[in-house]
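Numbers restart at 1 for each chain; the letters A, B, ... are given by sequence-line order, proteins then strands.
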Amino acid sequence: MPELPEVETLVRGVRQELVGKSFVSVSFLRADIREPIPTLRLKQILTSQPVHSVTRRGKYMLIHTSQGSMGVHLGMSGKFVLSASSQERLPHTHAVFELVDGRQFRFIDPRRFGRLFSIECEELNEHPFLSKLGVEPLNDDVNLAKHLFQSSRSKSQAVKVFLMDSSVVVGVGNIYASESLWRAKINPHVSAKQLTSKMYTNLARQIIKVLSEAILAGGTTLKDYRNKDGNPGYFQLNLAVYGREAKPCRKCAAMIVKTTQAARSTYQCPICQK
DNA sequence: AACACGCCCTGCGCGC
DNA sequence: TGCGCGCAGGGCGTGT
C-alpha cells in the first residue's frame, strides 16, 4: 500500500511533469470514491490555470493552481499514473487528467479507500482533512523526538497505536510503525507515556531513518503501473518484521510474533523488543 | 481529553 | 475445481 515514501516519490515525479503545465481536460468515471467527488470544482481549479506547485502533507498529495488545489489520497490501493492516451484504461480508473501533449494522469483505486477533493486557496491550512494533521517526520524544522515525548505524556495507549495517530505524526503507517519499533528495540505494546525521553530519541531516529531509506529505495515510477515482476511497483525496502510472522528475527533469530492492535497487525521480535 | 470501535471497499488466499 | 468466507488496512466519524 502507498505509504509516506511512495507518496513522496509520487509527488516528486508529478511535480516534474506538471509544474507550469495545464490540464486540457479533467474527467471522472464515477462521481464518488469514499465520498462524493467535487467534480465541477476540481475541473474549474485544474483546467483554468497552470499547475504552479505540487506538494505533500502526510500521505496527501496536493496539486495547486492559482484557483485552488486538488487533494489526492491513495488510500489502500490507489495509484496515480501517467499513461499515453492510447493505452488501455485499467479497471477501477476513476479519474483522468489530460495534458496538452495527450498524455494523461489516471487515478486508479480498486478498493476506493482513496480521496479526491478540492481545497480553496483561503482554506489551504484550515481544510478539515489537513488542519488536524500532526508533524512531518522528515521536516528538518521538526524535533520529532521531543514532539513524540511531549505528546505522549498523557497517552496510556500502546506506543505503536500512538505512532500511527496522524494527529501526532503523519506518515507512519502500519508497516513503518512495526519496523521503526523493531529497530529501536521497543515493545509495541508498551504504553506511550511509559517510554523515556531517551527512548523517543532513539525511536525518532529510527523512524526518520526507515522512511528515508524507503524513499532512497525508490518508490513507484509514474509510467510503469506494473514492474517486470507484475507487481504494482512499490519500493522494495527490506522489511525486518512486517509480514514476517514465525520467521527468524534478523538480529537474534527468535521467531517474529504477530499480534493485533487497534484492529491492525503488529509484528515484533519477542526477544529484541521486550 | 482520551480512546475504542465501526465503517468504507475489493482482491486474494485459504479451506472445504 | 469452484465457491464462499475472512482478512488486509488509513482515517474519519461516532459513542463512551
Minimum-distance pair of heavy atoms, taken over all atoms of A:H92 and A:P110: CG-CA, 3.5 Å
Residue pair A:V159 / A:L203, side-chain heavy-atom distance below 4.5 Å: yes
Close side-chain approach of A:L62 and A:L130, heavy atoms under 4.5 Å: yes
Find the distance [X]:[atom1] to [N]:[atom2] and express it as a whole number of Å.
| X | N | atom1 | atom2 | result |
| --- | --- | --- | --- | --- |
| A:R115 | C:dG9 | CZ | P | 19 Å |
| A:Q261 | B:dC3 | CD | P | 13 Å |
| A:R112 | C:dG11 | CZ | P | 19 Å |
| A:K132 | C:dG13 | NZ | C1' | 11 Å |
| A:L133 | C:dG11 | CG | C1' | 10 Å |
| A:D32 | B:dC8 | CG | C1' | 11 Å |
| A:R153 | B:dC3 | CZ | P | 12 Å |
| A:E35 | B:dC8 | CD | C1' | 10 Å |

Neighbours of DNA chain C within residues 155-174 of chain A, by heavy-atom distance under 4.0 Å: A:M164, A:N174
Residues A:R183, A:E179: salt bridge by 4.0 Å N-O rule: no
Taking OP1 and OP2 of [N], is either one under 4.0 Å from a side-chain nitrogen or oxygen of [X]?
| X | N | result |
| --- | --- | --- |
| A:S265 | C:dC7 | no |
| A:Y267 | C:dA8 | no |
| A:H92 | B:dT10 | no |

Which listed nucleotide ([options]) is nearest to the side chain of [X]?
| X | options | value |
| --- | --- | --- |
| A:K59 | C:dG11, B:dG11, C:dG9 | C:dG11 |
| A:R111 | C:dG11, C:dA8, B:dG11 | C:dA8 |
| A:P110 | B:dG11, C:dG11, B:dC9 | B:dG11 |
| A:S154 | B:dT10, B:dA2, B:dC9 | B:dA2 |
| A:F129 | C:dA8, C:dC12, C:dG11 | C:dC12 |

Closest-nucleotide 5' rank along DNA chain B - winner of A:P91 and A:R34: A:R34
Whether A:F113 stacks on the six-membered ring of C:dG9 base, 5.5 Å and 30° limits: yes
Joint cluster assignment, A:F149 & A:V161, ILVMFWY side-chain distance < 4.5 Å: no
Test item: side-chain donor near acceptor, A:S66 and A:H52, under 3.5 Å: no
Side chains of A:Q67 and A:S48, donor plus acceptor under 3.5 Å: no
Any-strand Watson-Crick or G-U partner of C:dT1, both distances under 3.5 Å: none
Qualifying residue, where the test is ring pair (Phe, Tyr, Trp, His ring centres under 6.0 Å) with A:H73 and the options are A:F117, A:Y60, A:F129: A:Y60
Position toward the 5' end of DNA chain C (nearest nucleotide), A:L130 or A:K258: A:K258
